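One structure is given below, encoded as structure tokens.
In this chain, numbering begins with 1 at the start of the sequence shown. If you're wondering where the values come from, they're calculated on a predicted model, not measured in any experiment.
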Amino acid sequence: MVHRIFLDLDGSLLDVAPRYHRLYCDLVSRLGCRPLDLADYWTAKRERVPEPEIMTRTGLSPEAAAWAAAARSSRIEERRYLRLDRLWPWTLPVLADLARRAPLVLVTLRRHPDRLRWQLDRLGLSPRFERVLASRSNGKPDAKAGLILREGFADLEGSVLVGDTEVDVASGRALGLRTAALTAGGLRTAARLAAWSPDALLEDLRQVPGWLDSLS
């Protein structure tokens, strides 16, 4: 029996590619260059190409790319861009299934809690979770592990963590949680995630209930 399910947000529950790409296009176009199309941009993001390097591939000078990358970091959570995030078609039905099995806790690295609450309410996600944990990234691979512990989750036996980046896998492993990495459409490729040795590589959230059944 699963005790608690910790879930990532961006990429796992939401398709964030339109938000990331629109902001990138706005910044690059402002500087007079032609942006990469969505497919090429997202491939680079999933391969973990640094944002300044993506900008230089677009044709920006190193100085302009550095400015654009910093501007991106400050604007990525503006509401006009957050409006572009979309629930995967299966997100709400699968969350309902998972909630019948164990309490759900959302764990995300966001800078602006007020904007996060606004987005969760707008998408109908707020009532789905027992708790919502959010903080800025500390730059460490296991950043979410510290967040979970700081929020008072000491009894983690039997809990699992589901996400789509190396931060999710490293955080789960640091806490001794069984961890599933989602490989389709999110922020990292299957090969990138496999290198961090999750307990399971799953295509998307729809495979999580079956994985939980296999643990039982």
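- Follow the hydrophobic side-chain contacts under 4.5 Å out from L14 and you reach F129 in the same cluster.
- Salt bridge annotation for R75-D26: absent, with no cationic side-chain nitrogen under 4.0 angstrom from a carboxylate oxygen.
- The distance from the CG atom of D164 to the OG atom of S12 is 3.5 Å, given to the nearest 0.5 Å.
- Looking only at distances, a side-chain donor or acceptor of R173 sits under 3.5 Å from a matching main-chain atom of S197.
- Cluster membership for L161 and L149, using ILVMFWY side-chain heavy atoms within less than 4.5 angstrom, is shared.
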*For the pair D168 and T165, evaluate side chain to side chain donor-acceptor pair (under 3.5 Å) and give the outcome as yes or no after the intermediate values.*
CA-CA 5 Å; D168 299 305; T165 70; 3.1 Å; yes
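- In this structure, CG on L84 lies 9.5 Å from CG on L23, to the nearest 0.5 angstrom.
- The two residues T58 and P35 come nearest to each other via the heavy atoms CG2-CA, 3.8 Å.
- In this structure, W211 contributes its side chain and L201 its backbone to no donor-acceptor pair below 3.5 Å.
- For L36 against Y41, the heavy-atom pair with the smallest separation is CB-N, 4.2 Å.
- Looking at heavy atoms from C-beta onward, L123 lies out of side-chain contact with T91 at the 4.5 angstrom threshold.
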*Can you list the steps and then say if S135 with R150 is a side chain to side chain contact (heavy atoms under 4.5 Å, CB included)?*
CA-CA 11 Å; S135 77; R150 287 196 305 273; 3.6 Å; yes
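- Minimum interatomic distance between A102 and V2 (heavy atoms only, all atoms of both residues): CB-O, 3.5 Å.
- Nearest heavy atoms, L7 versus L205: CD2-CD1, 4.1 Å.
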*List the steps, then state whether side chain to side chain contact (heavy atoms under 4.5 Å, CB included) holds for L9 with L116.*
CA-CA 10 Å; L9 178 62; L116 172 62; 3.7 Å; yes
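- Here the side chain of T56 pairs a donor or acceptor atom with the backbone of E53 at under 3.5 angstrom.
- Both V16 and L182 belong to a common hydrophobic cluster when Ile, Leu, Val, Met, Phe, Trp and Tyr are linked at side-chain heavy-atom distances under 4.5 angstrom.
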*Take L156 and F6 through the test side chain to side chain contact (heavy atoms under 4.5 Å, CB included) and record every step on the way to the result.*
CA-CA 10 Å; L156 295 172; F6 293 93; 3.7 Å; yes
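- A distance of 4.5 Å separates CZ in R4 from CD in E130, rounded to the nearest 0.5 Å.
- In this structure a side-chain-to-backbone donor-acceptor pair under 3.5 Å is missing from E151 to L133.
- With hydrogens and angles disregarded, a donor-acceptor distance shorter than 3.5 Å links the side chain of R46 to the backbone of G186.
- For Y20, the ring pair (Phe, Tyr, Trp, His ring centres under 6.0 Å) partners are W42, not counting sequence neighbours.
- Within the 3.5 Å criterion, the main-chain N or O of R86 finds no donor-acceptor partner in the side chain of D15.
- Cluster partners of L109, using a side-chain heavy-atom cutoff of under 4.5 Å among ILVMFWY residues and allowing indirect links, are V167.
- Partner D85 forms a salt bridge (charged side-chain N to carboxylate O under 4.0 Å, His left out) with one of R19, R80, R22 and no other, that one being R19.
- Across all non-hydrogen atoms, the minimal contact from C33 to L60 is SG-CD2, 3.5 Å.
- Expressed to the nearest 0.5 Å, how far CG of L106 lies from CZ of R131 amounts to 11.5 Å.
- Between L212 and L98 the shortest side-chain heavy-atom distance falls below 4.5 Å.
- Looking at heavy atoms from C-beta onward, V94 lies out of side-chain contact with W88 at the 4.5 angstrom threshold.
- L125 and W118 are members of different hydrophobic clusters when ILVMFWY side chains are connected at heavy-atom separations under 4.5 Å.
- R101 has a carboxylate O that lies under 4.0 Å from a charged side-chain N of D213, or vice versa, which qualifies the two as a salt bridge.
- No side-chain heavy atom of D199 sits less than 4.5 Å from a side-chain heavy atom of V160.
- The two residues H3 and P103 have their closest heavy-atom pair at O-CD, 3.4 Å.
- Ion pairing of D10 with R110 is present here, as a side-chain N (NZ or NE/NH1/NH2) and a carboxylate O approach within less than 4.0 Å.
- A chain of hydrophobic side-chain contacts below 4.5 Å, direct or via other Ile, Leu, Val, Met, Phe, Trp or Tyr residues, connects V49 to L27.
- Within the 4.5 Å cutoff, no side-chain heavy atoms of R79 are placed close to those of Q119.
- The line from OG of S171 to CH2 of W196 is 9.5 Å long, rounded to the nearest 0.5 Å.
- Environment of CZ in R122: crowded, with over 12 heavy atoms of neighbouring residues, nucleotides or ligands closer than 6.0 Å.
- The closest side-chain heavy-atom distance from R115 to E78 is below 4.5 Å.
- With hydrogens and angles ignored, the 3.5 Å screen pairs a side-chain donor or acceptor of R192 with a backbone N or O of E47.
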*Run the side chain to side chain contact (heavy atoms under 4.5 Å, CB included) check on R57 and D40 step by step: do they pass?*
CA-CA 11 Å; R57 290 182 185 182; D40 289 341; over 6 Å; no
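- Atom-to-atom distance recorded for D37:CG and H21:NE2 is 6.5 Å, nearest 0.5 angstrom.
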*Please report the C-alpha distance between D8 and K144 in whole Å, then the side-chain angles of each, then the deciding distance to 0.1 Å, and finally whether the salt bridge (charged side-chain N to carboxylate O under 4.0 Å, His left out) criterion is met.*
CA-CA 10 Å; D8 169 58; K144 292 184 178 180; 2.8 Å; yes
